[in-house]
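Below: one structure, written as C-alpha cells.
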Number of protein chains: 2
Amino acid sequence: MPTIKDVAREAGVSVATVSYVLNNKQALVSESTRQSVLEAIKRVGYVPSVVGRGLQANKSHLIGYAWHPITYGQVNPVLDQFTYFMAHAAEEAGYHLLTFTCPLDNPVPVYEDLITTRRVDAFVLSGTRQDDPRIAYLLERRFPFVSFGRSNPEWQFSYVDVDARAGVREAVKYLVDLGHRRIAFVGWPEGSLSGDWRLQGYLDGMREFDLPVPASYVQRGVQSDVTGRQALCRWWELPPEQRPTAVITVTDLIAIGVMKQAAAFGLVLPRDLSIIGFDNAPLVEHFTPALTTFEQPIPEIGHILVELVERMVRGDQPEHLQVLVKPRLLMRESCAPPRQS
Amino acid sequence: MPTIKDVAREAGVSVATVSYVLNNKQALVSESTRQSVLEAIKRVGYVPSVVGRGLQANKSHLIGYAWHPITYGQVNPVLDQFTYFMAHAAEEAGYHLLTFTCPLDNPVPVYEDLITTRRVDAFVLSGTRQDDPRIAYLLERRFPFVSFGRSNPEWQFSYVDVDARAGVREAVKYLVDLGHRRIAFVGWPEGSLSGDWRLQGYLDGMREFDLPVPASYVQRGVQSDVTGRQALCRWWELPPEQRPTAVITVTDLIAIGVMKQAAAFGLVLPRDLSIIGFDNAPLVEHFTPALTTFEQPIPEIGHILVELVERMVRGDQPEHLQVLVKPRLLMRESCAPPRQS
DNA sequence: CTGTTAGCGCTTTCAC
DNA sequence: GTGAAAGCGCTAACAG
C-alpha cells in the first residue's frame, strides 16, 4: 500500500509538496509540480490513509450511533431505514457511521469509552428520554452530538424530531371530517417522551373540536399487540352508544392488536371501527384492511442529523438548532365514516 | 484528553515503560513501577487512543458491513437484528462495526475505497450472489472477509449460511405428515442464490416422498405480495382436484400475497390452504392465520461471522471455513390437514 | 514555490 | 528493568 513518501519519491518532490497538492493549497504549489505530483499519485495508486490523517488532526471521521438491544423478534420499525440514510448522508460528508451496541440501563460508560479512545468525533442519539443520562453526560463533557428526539426542555442541544403532536392532531381532524365524534387513543405507559407527544396531539385535537374524552378513552400499555386487544375489550364493556367509533394508537403494533381483537368480536373493519397507527412498520399495508398510519420522513431526518452533527464537528461552535419535521398520514383502508352517525 | 506522555510524566517514567505496562509485557517492567504507572493512569484518567495504536499497527479495528438498498434476495427482514448481533460480537472481540452504504450495481469501488484509505481491517458481506463481484475483488486483493451466504463453489473463502435446502425439505415433510400431497412453491426469479437453495429443498422433499411436481407448481416472481397473488390465481385456474392444498414460499412477503389472494377467493385458511413462509419477518405472527415460517438463528450467525473474520485479521492465515446453520420452523397457525384427504 | 522539520499517540527495537 | 529514539502516515510551521 503506497504512502505519501512513495508519491514524493516517485514525483521527485518532498512529502510536504505532496501534502499540499492533496489538500489543495493552491497558493503553495506551482501548476507544473502540481501536475507531476498528481500523475505520480495516479501512477503508484496512492490514496491517503484516513488513520494517518486522523492522528494528525485528532479526528476519526466517524460518527457513533447506538443500537439498543432488541427484544428478539421485536421490531423497531424504522431503525434499519434510519441507519441506511444516516450512513449515506455521513458518507457524502466524508464521514462513516460506527454502529455500536449499548445497554439501556447504564449506557454512559459505552459512550465514554468511545470518546476516550478517540473512536468517534460525534454521536447521533435516538430513543431519547426525559432526563436522558447520555445527553446529560455529553453536554457536561461538551462532546458533539445531535439527537433524534427531544429531552428536557431546559437542556440546550441540537435535535431533530417528528412533530407527532401536530400529526396526531391532524389525524383527529381527519376522523372528525369522516364524521367521527367518539375517538379513543391507546398509548404507551406514562413517561415515554414520544408517546406523550402523540397523546398530546390527540388531546389537542379532541379539545379543538369540542369532543369529550371520557377517562376510559385513553388506554395505555406496553409495546405489544396485547395492549391493543385489552383496550378494545375495555371499550366494548361500555354500552354500545358510548363505544368509540375510531381509535388512534401510538404505534402500529398496538393498532394491529386492536384489529385482531375487533376481528375476534366479529366487527367488520373499517365499517365498525376506524383505526390509525403510527410509524408505518413493514408489512402493515398488507393487513386487512390496510392500516392507515403515519410515516416519518426518515431519509430527511437522517440527512438533517448528519448535517447538524457535521457542522458541530467542523465548526466546533456549540450550535443548538431544533428541527421539527412533520409526519405524513398515509391514508389507506382502515378508516371510514362511522356506521351510525 | 491525557496521552501516554502525561502518564509518563505523572509516574516519572518514560513513555516506553507506560507502553509496556499497557501491553502487559510482564518481563519488561518491575512490579513496583508497574503499580505506580497503573496509579498514574488512573489519576490522570488515561485511555489509549485507538487511532494512535491503529497507525502504529496499521490496523483500524473496524469491520465493514454494507447496507444495500432494499431488494429481493436480501435478508432484509432481519437486517437490523443481524447488525445488532454482529456489532455486539465485534465489540466483544475488541472491534467495532462500520456500516456503510453501497450501490447494488458496481459495489466494488466502495469496497476499494474503504481498503485503500485503511478504513477497515476486514469486511462482512451479505446478500451474496453468483459471480459476486465483491468476492472476486476481495479474493484477488487478498483482503480479509467472510460472507453471510455462499457464492461460486469453486471460490475458496469462509462463509456462514443458512441451510435453507435442508430446512425447506423438512417443511415438505411437515406438510406431508399433515396429509398433504399437492404441495406447490413460489420462488424468486432464477439466479437468486438463496432462493434457489430454498427451491431445491422443495424439490428434494417432493422427490423424497414421491410427490408429483407439475410445471405449474413452481411459480416465480419478484419480492412482492403480487407474486404470491398471481401464483394463487394460476393455481386456481386448474381444476379443483389439481389445485395445491399447501404452498411453501421463498419468503414471508410472498406468503402474505398468497394469503391475501386466498381471502379474495373466499378461502378459509388454513382449512382450504396451508401456507409456509421464510424469514419470520416482523409482524407476520400477527396475520390471520399467524404465519408458519422459518426463523434464521441470526444471533448465532452474527457471532460466528465475527469470530471467523476476527481470526482472519489476527492470524492472517487464509482460512476458509464453511458453516451451515439450520433454520428453525416456527409452527404457528397457517398449516392444517388438507380439507379432503 | 519548495523542502526541512516537528509532532499527532503509540509501539518497539536497541542501548544502557 | 528502563529509557532514548525511530517510525507508523500525515499536516503544518518555518526557512529558504
Side-chain angles (χ1 to χ4, degrees), chain A residues 1-38 40-41 44-62 94 113-121 314, chain B residues 1-38 40-41 44-62 94 113-121 314:
Chain A
M1 205 81 83
T3 75
I4 199 171
K5 284 185 184 171
D6 299 314
V7 178
R9 193 180 324 113
E10 175 77 16
V13 298
S14 72
V15 292
T17 306
V18 178
S19 177
Y20 295 149
V21 341
L22 248 33
N23 295 283
N24 278 314
K25 308 279 187 204
Q26 307 276 5
L28 289 179
V29 51
S30 75
E31 188 55 26
S32 60
T33 43
R34 204 181 109 80
Q35 282 308 326
S36 69
V37 168
L38 253 22
I41 286 174
V44 302
Y46 169 74
V47 181
S49 157
V50 71
V51 181
R53 284 187 158 166
L55 177 59
Q56 159 67 29
N58 199 19
K59 291 255 174 301
S60 66
H61 288 270
L62 249 25
D113 181 68
L114 258 359
I115 295 174
T116 51
T117 59
R118 284 82 154 176
R119 246 312 183 201
V120 302
D121 292 345
R314 227 187 265 294
Chain B
M1 205 80 83
T3 75
I4 198 171
K5 284 185 185 170
D6 300 313
V7 179
R9 192 177 328 111
E10 175 78 15
V13 297
S14 73
V15 293
T17 305
V18 178
S19 179
Y20 295 148
V21 341
L22 248 33
N23 295 282
N24 277 314
K25 308 280 189 205
Q26 309 274 7
L28 288 179
V29 49
S30 74
E31 188 54 27
S32 61
T33 43
R34 204 181 109 80
Q35 283 308 329
S36 71
V37 168
L38 253 22
I41 287 174
V44 302
Y46 169 74
V47 182
S49 157
V50 71
V51 182
R53 283 188 158 164
L55 178 59
Q56 162 69 26
N58 199 22
K59 290 257 176 298
S60 66
H61 289 270
L62 251 22
D113 182 68
L114 258 0
I115 295 175
T116 53
T117 59
R118 284 82 154 178
R119 245 315 182 198
V120 301
D121 292 345
R314 228 187 264 294

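Just so it is clear: chains get the letters A, B, ... in the order the sequence lines come, proteins before strands, and each one is counted from 1.
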Is it the case that B:Ser14 and B:Thr17 place a side-chain donor and acceptor less than 3.5 Å from each other?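 Note: B:Ser14 and B:Thr17 side chains meet the donor-acceptor criterion.
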Looking only at side chains, do A:Thr33 and A:Ser30 share a donor and an acceptor under 3.5 Å apart?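 Short answer, yes.
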Establish, with yes or no, whether the OP1 or OP2 oxygen of [N] is under 4.0 angstrom from a side-chain nitrogen or oxygen of [X].
X: B:Arg53; N: C:dG9; result: no
X: B:Asn23; N: C:dT11; result: yes
X: A:Thr33; N: C:dT2; result: yes
X: A:Ser49; N: D:dG9; result: no
X: A:Tyr46; N: D:dC10; result: yes
X: A:Lys5; N: D:dC10; result: no

Measure from [atom1] on [X] to [atom2] on [N] and round the result to the nearest Å.
X: A:Leu55; N: C:dA6; atom1: CG; atom2: C1'; answer: 13 Å
X: B:Asn58; N: D:dC8; atom1: CG; atom2: C1'; answer: 8 Å
X: A:Met1; N: D:dG9; atom1: CE; atom2: C1'; answer: 12 Å
X: B:Arg9; N: D:dA4; atom1: CZ; atom2: P; answer: 14 Å
X: A:Ile41; N: D:dG9; atom1: CD1; atom2: C1'; answer: 14 Å
X: B:Gln26; N: D:dG1; atom1: CD; atom2: C1'; answer: 14 Å
X: A:Leu28; N: C:dG3; atom1: CG; atom2: C1'; answer: 12 Å
X: A:His61; N: D:dG9; atom1: NE2; atom2: P; answer: 18 Å

How far apart are the closest heavy atoms of [X] and [Y], and which atoms are they?
X: B:Ser60; Y: B:Val120; result: OG-CA, 3.3 Å
X: A:Arg34; Y: A:Asn24; result: NH1-OD1, 3.8 Å
X: B:Asn23; Y: B:Arg53; result: OD1-NH2, 4.0 Å
X: B:Ser36; Y: B:Ala11; result: O-CB, 4.2 Å

Among the candidates [options], find the nucleotide nearest to the side-chain atoms of [X].
X: A:Ile4; options: D:dT11, D:dC8, C:dT11; answer: D:dT11
X: A:Ser30; options: D:dG3, C:dT11, C:dT2; answer: C:dT2
X: A:Leu22; options: D:dT11, C:dG3, C:dT11; answer: D:dT11
X: B:Thr17; options: C:dG9, D:dT2, C:dG3; answer: D:dT2

Base of D:dG9 paired with side chain of A:Gln56 (donor-acceptor, under 3.5 Å):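 Under the 3.5 Å cut-off, the side chain and the base do not form any donor-acceptor pair.
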Starting from the 5' end of DNA chain D, give me the residue, A:Val18 or B:Tyr20, whose nearest nucleotide shows up first. B:Tyr20
Using the closest heavy atom to pick a nucleotide of DNA chain D for each, name whichever of B:Gly52 or A:Ser19 lands nearer the 5' end. B:Gly52
Once you apply a heavy-atom cut-off of 4.0 Å, does A:Val13 come out as touching a base, just sugar-phosphate, or nothing? sugar-phosphate
